[in-house]
Amino acid sequence: VQLQASGGGLVQAGGSLRLSCAADGRTFSNYRMGWFRQAPGKEREFVAAINWSGDRTYYADSVKGRFTISRDNAKNTVYLQMNILKPEDTAVYYCAASSIGAATNSRFYGYWGQGTLVTVSS
């Protein structure tokens with residue numbers, strides 16, 4: 001499956017952004033979808049994930065209560081609504097697809113988008 005992330009940009013602390021990740025049509029609804037991020041000089045980290053039907057979600061503690069992941073299988077798209085953004089949320093955000101394994105572990109995601117940059121100014 002091919003993934004295309006979009007929606008990044010520059011926002012002030014306390015603001016909001018919504019990221020989107022569009023997938024090609026092949027069996028999108030069969031995949032768990034996740035968002036990861038990588039800040040400069042840091043390792044890639046898990047942000048959020050959602051199961052194939054959308055009724056189960058997972059979040060990193062650092063974003064819980066501020067970010068919401070959702071999906072629209074009819075549109076082959078997964079979203080990440082980010083509210084109350086903080087400077088420490090600055091990173092390149094990647095969407096990814098997985099069919100096996102733990103939702104929070106990047107090793108189990110076999111398909112990755114190209115990333116979209118989110119910059120939060122203080």
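Heavy-atom basis, side chains included; hydrogens, waters and symmetry copies ignored.
Between F36 and W112, the angle of the ring planes lies from 30° to 60°, which puts this pair in the tilted group.
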Report task. Show your reasoning for whether side-chain contact (heavy atoms from CB on, under 4.5 Å) applies to Y79 and D72. Result -> CA-CA 8 Å; Y79 304 98; D72 185 338; 4.2 Å; yes
Requested in this report: For the pair M82 and L19, evaluate side-chain contact (heavy atoms from CB on, under 4.5 Å) and give the outcome as yes or no after the intermediate values.
Outcome: CA-CA 8 Å; M82 306 185 294; L19 305 183; 3.7 Å; yes
Query raised in the report: Should F46 and N105 be marked as a side-chain contact (heavy atoms from CB on, under 4.5 Å) after you check the CA-CA gap, both sets of side-chain angles, and the distance that decides it?
Result: CA-CA 7 Å; F46 169 75; N105 193 326; over 6 Å; no
Query raised in the report: Would V78 and I50 satisfy side-chain contact (heavy atoms from CB on, under 4.5 Å), going step by step from the backbone distance to the final call?
Result: CA-CA 9 Å; V78 62; I50 188 167; 4.1 Å; yes
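Annotation: the span from Y58 atom OH to T104 atom OG1 amounts to 9.0 Å, rounded to 0.5 Å. We find the CG-OG distance between N73 and S53 to be 8.0 Å, quoted to the nearest 0.5 Å.
Residue pairs meeting the salt bridge (charged side-chain N to carboxylate O under 4.0 Å, His left out) criterion with at least one member in residues 42-56, sequence neighbours excluded: R37-E45. Note on residues 75-88: no pairs pass salt bridge (charged side-chain N to carboxylate O under 4.0 Å, His left out), not counting sequence neighbours.
Formation of a donor-acceptor pair under 3.5 Å by the Y31 side chain with backbone atoms of Y111 is not found in this model. With hydrogens and angles ignored, the 3.5 Å screen pairs no side-chain donor or acceptor of N51 with any backbone N or O of M33. Checked by atom type and distance alone, the side chain of Y109 pairs as donor or acceptor with a backbone atom of A103 at under 3.5 Å.
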Which pairs would a plain distance check flag for residues 114-122, meaning a side-chain donor or acceptor within less than 3.5 Å of a matching protein atom at least two apart in sequence or in another chain?
unit_1	atom_1	unit_2	atom_2	d
Q114	OE1	A5	N	3.2
Q114	NE2	A5	O	2.8
T116	OG1	G8	N	3.0

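For the residue pair A23 and V1, the shortest heavy atom distance occurs at CB-CG2, 3.8 Å. The shortest heavy-atom contact between R71 and F28 is NH2-O, 3.1 Å. Taking all atoms of both residues into account, the shortest heavy-atom contact from L3 to C21 is CB-SG, 3.8 Å. Heavy-atom minimum distance, T57 versus I69: CG2-CG2, 3.7 Å.
For the side chain to side chain contact (heavy atoms under 4.5 Å, CB included) test with F67, the passing option among L17, I84, L85 is L85; the others fail.
Taking the side chain as every heavy atom from C-beta outward, V47 and Y59 never approach each other to under 4.5 Å.
Looking at residues two or more places apart in sequence or on another chain, you find no ring-ring contact (aromatic ring centres under 6.0 Å, His included) involving F108. With sequence neighbours left out, the side-chain hydrogen bond (donor to acceptor under 3.5 Å, both in side chains) criterion links N83 to S16, Q81. Residues satisfying the side-chain hydrogen bond (donor to acceptor under 3.5 Å, both in side chains) test with R18, not counting sequence neighbours, are none.
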